[in-house]
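Heavy-atom basis, side chains included; hydrogens, waters and symmetry copies ignored. By convention here, the first residue in the shown sequence is residue 1. All ligand and atom numbering here is 1-based and tracks the order in the structure. Please read these numbers as outputs of a predicted model, since none were measured by experiment.
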Amino acid sequence: MNARLPRRAVLGAALFAPLAAPRRVSAQAQARLLVIGGGFGGASAASFARRRFPWLEVTLVEPKTRFVTCPYGNLVIGGVKRIEQITHGYDGLRARGVRVVHDWAAGIDPAARRVRLQGGETLSYDRLILSPGIALRWGALEGYDEAAAEAMPHAWVPGDGAQTLLLRRQLEEMPDGGVVGLAIPANPFRCPPGPYERISMIAAYLKRAKPRSKILALDAKEAFSKQGLFQDAWNELYPGLIEWVPSNRDGRVVRVDPRERVLETEFGTRHSVAVANVIPPQSAARIAIEAGLADQSGWVPVNPITFEARAAQGIHVVGDANIPGPMPKSGYIANSTAKQAVASAAASLRGEAPPQAVYYNTCYSHVGPEYGISIVGIFRPNAEGAAIVEVPNSGGVSPRGNLPEQRRLEATYADAWYDSITRDMFA
Ligand SMILES: Cc1cc2nc3c(=O)[nH]c(=O)nc-3n(C[C@H](O)[C@H](O)[C@H](O)COP(=O)(O)OP(=O)(O)OC[C@H]3O[C@@H](n4cnc5c(N)ncnc54)[C@H](O)[C@@H]3O)c2cc1C
C-alpha cells in the first residue's frame, strides 16, 4: 500500500460515530438525493434518478463545467477524434430538474448526513451517491508527482482534457524514429484494456506519420485484458512497431526521471524515450478516503446489492472508487451500478427492499481507427448477497482470426455505445 494514503483510510469504519437514523418518506413526500461527482457514475445516477423517481430532489456536485470523457480519449491521442467530440456539459441534467452545483465536496459527515463544499455551502441529504472516480498515487513511482506529469503525461484522469492534449502534442512534436515509452500499472486500475487501446492508437498515428518510430510498453503485469486479440491485431496492423515487456521480463517501472525522460525498471534498466506516458498506480479519489470509506487497499468496500459503503449507511459508492469484485473499473459498470444504487436508495427511503440486481459491461477497444474488439460480462450478487459473481457463460471476448468485417462492425458498435451512454448521462 502507498505510504501516502491518508491514515484515515487504514482506520476505516472503526472511527465512525453512530449514524443518524435513516429517514423514511411517505409515497407523496420528496427526499433529497445528493450526488458527488458528475462523471460516468454520478451523471448516470443523477439523470436516472430524475427520470425514474421524480419525487427525488437531486443535487449534483461537480467542480468542472465541462466533462471530458476518458472513453475515446485514446482516439484523440491518436488524432482520430477531436477533444470537442468527447466533451459534455450539464445543461441536459439541469433541464431534467437536477440542481447542478459546480464546486468540490470538501468533507462528508456521515453521522449528520451533510456534505461541506469548498465554496462554503453545506448540503444535507437523505441519501448520498458518491462517484468521485480515482486518485493517482503520486510518489508510488519514485519521481512521479504532479510536476512530473507536465513532462510525462498520464492522461488517465482527463479533467479539462489538458493531459490528453499534452500527450497528443508531444507525439506530434516528436521526431520520426523516436521511442514512445509507456509505464503501465499492476491491477487494479481504471479501465483494464485502456493502456492497450492507447498503445494501438499511438501505433496507428506513428505508422501514418512517423513510421521509423517505436513503442516500448513497460508493464507491471504478466497478462492483460483481451491480450490475444490485441497482440494478433498488433502483428497484423503494426508489425515490428510495438514491444510489450511484461513484469517477468523486467517490465515493471519503479522510478522515472522527467527531466531526462527516463523510465527505470525494478532491475535497474534505464529506458530513455522521446515521449513518456506514465499511468501510475491508483486509489479511490481523495474525498472517499478522507471520509474513512476505503480499506487498506485504498478502495471502498460496498454492499454488492445496494452499493452502500460497508463503513457508512446511506452513502452509496459507485464507479471506479469501489471494490467491484470481478467487474472491471469501467464507465459502463459505473453507469449500470449507479442505477442499481439509486433504485436501492429510493426503495430504502420508502421502506422497501432493494430491487434485484444485474450489472452489465461491454468494453470496446479500438485497435485501429476502423478496427474494434470487445469484452462482455454480466454480473450479479451471489445467492447469499455477499459478493458479486460473473453469470456463467454470459460473456466473452470477440472471436480471434482473420475477421475484417467483424472488426469494422465492432468499431461502429463502439461509436454507438459511446453515443448512447453519453446521452444516457448528459441529455
Ligand atoms: C483512456 C481510458 C479509456 C477508457 N475507455 C473506456 C471505455 O471505452 N469504456 C468504458 O466503459 N470505460 C472506459 N474507461 C473507464 C471509465 O472512464 C471509468 O471507468 C469511468 O470514468 C468511471 O466513472 P466514475 O464516475 O467512477 O469516475 P469519473 O467518470 O472520472 O467521474 C468522477 C467525477 O467526480 C468528480 N470529483 C472528484 N472528486 C470530487 C469532489 N471532491 N467533489 C465533487 N466532484 C468530485 C471529478 O471531477 C469527476 O468529474 C476508460 C478510461 C480511460 C482512462
Worksheet item: Is it true that a side-chain atom of Asn322 and a backbone atom of Val317 form a donor plus acceptor pair closer than 3.5 Å?
Response: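 Side chain of Asn322 to backbone of Val317, a donor-acceptor pair under 3.5 Å: yes, one is there.
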Worksheet item: Taking Asn277 for the side chain and Pro153 for the main chain, is one N or O donor matched with an acceptor at less than 3.5 Å?
Response: yes
Could you pull out, from [options], the option with a heavy atom nearest to [atom]?
| atom | options | value |
| --- | --- | --- |
| atom 48 (C) of ligand 1 | His366, Gln118, Glu62, Met201 | Glu62 |
| atom 40 (C) of ligand 1 | Trp104, Trp156, Phe67, Tyr364 | Trp104 |
| atom 5 (N) of ligand 1 | Gly319, Gly107, Ser365, Pro71 | Pro71 |

Heavy-atom contacts with [X] under 4.0 Å: which atoms of ligand 1 show up? List them by number with element.
| X | answer |
| --- | --- |
| Val61 | 43 (C), 44 (N) |
| Lys329 | 19 (O) |
| Ser131 | 24 (P), 25 (O), 26 (O), 32 (C), 33 (C), 34 (O) |
| Lys64 | 46 (C), 47 (O), 48 (C), 49 (O) |
| Arg198 | 1 (C) |
| Ile36 | 42 (N), 43 (C) |
| Ala334 | 23 (O) |
| Gly133 | 26 (O), 27 (O), 32 (C) |

For [atom], the protein heavy atom that lies nearest, with its residue and separation:
| atom | result |
| --- | --- |
| atom 30 (O) of ligand 1 | Arg190 NH2, 2.8 Å |
| atom 42 (N) of ligand 1 | Ala105 N, 2.9 Å |
| atom 18 (C) of ligand 1 | Asp320 OD2, 3.2 Å |
| atom 37 (C) of ligand 1 | Pro132 O, 3.2 Å |
| atom 31 (O) of ligand 1 | Gly39 CA, 3.3 Å |
| atom 4 (C) of ligand 1 | Cys191 SG, 3.4 Å |
| atom 23 (O) of ligand 1 | Phe40 CB, 3.4 Å |
| atom 16 (C) of ligand 1 | Gly331 N, 3.5 Å |

Could [X] and [Y] be called an ion pair, given the rule that one side-chain N must be under 4.0 Å from one carboxylate O?
| X | Y | value |
| --- | --- | --- |
| Asp219 | Arg249 | no |
| Arg127 | Glu308 | yes |
| Arg99 | Glu121 | yes |
| Arg169 | Glu172 | no |

Practice prompt. Take Phe224 and Trp244 through the ring pair (Phe, Tyr, Trp, His ring centres under 6.0 Å) test and state the conclusion after the steps.
Written response: CA-CA 11 Å; Phe224 59 86; Trp244 174 71; 5.0 Å; yes
Return the [atom1] to [atom2] distance between [X] and [Y], rounded to the nearest 0.5 Å.
| X | Y | atom1 | atom2 | value |
| --- | --- | --- | --- | --- |
| Ser398 | Leu409 | OG | CG | 11.0 Å |
| Tyr359 | Met327 | OH | CE | 6.5 Å |
| Tyr196 | Ser365 | OH | OG | 11.0 Å |
| Lys329 | Arg190 | NZ | CZ | 9.5 Å |

Practice prompt. List the steps and the verdict of side-chain contact (heavy atoms from CB on, under 4.5 Å) for Tyr418 and Ile86.
Written response: CA-CA 9 Å; Tyr418 184 86; Ile86 62 165; 3.4 Å; yes
Using a heavy-atom cut-off of under 4.0 Å, does the side chain or the backbone of [X] touch ligand 1, or both, or neither?
| X | result |
| --- | --- |
| Phe189 | neither |
| Asn74 | side chain |
| Ile287 | side chain |
| Arg286 | neither |
| Cys70 | both |

Worksheet item: Going by heavy atoms, is Tyr418 under 4.0 Å from ligand 1?
Response: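 No, that is not the case, since the closest heavy atom of the residue is not under 4.0 Å from the ligand.
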Discussion item. Between ligand 1 and Pro63, can you find any atom pair, the residue atom being a heavy atom, that is separated by under 4.0 Å?
Written reply: yes
Discussion item. Using the rule given for side-chain contact (heavy atoms from CB on, under 4.5 Å), can you reason through Lys339 versus Asp424, listing the C-alpha separation, both sets of side-chain angles and the distance that settles it, and then say yes or no?
Written reply: CA-CA 11 Å; Lys339 291 173 179 172; Asp424 192 55; 2.8 Å; yes
Practice prompt. Return the minimal non-hydrogen interatomic distance between Asp103 and Gly119, and the atom names on each side.
Written response: OD2-N, 2.8 Å
Worksheet item: Do Arg168 and Tyr205 meet the cation-pi criteria used here (NZ or CZ under 6.0 Å from the six-membered ring centre, within 45° of the axis)?
Response: yes
Worksheet item: Under 3.5 Å between some N or O of ligand 1 and some N or O of Tyr332?
Response: yes
Worksheet item: Would you say Gly41 and ligand 1 have an N/O pair spaced under 3.5 Å apart?
Response: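 Yes - when backbone and side-chain N and O of Gly41 are compared with those of ligand 1, one distance drops under 3.5 Å.
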Item to complete: Any chance you could lay out the ring pair (Phe, Tyr, Trp, His ring centres under 6.0 Å) test for Tyr360 and Tyr332, step after step, and finish with the verdict?
Response: CA-CA 7 Å; Tyr360 302 94; Tyr332 202 157; 7.3 Å; no
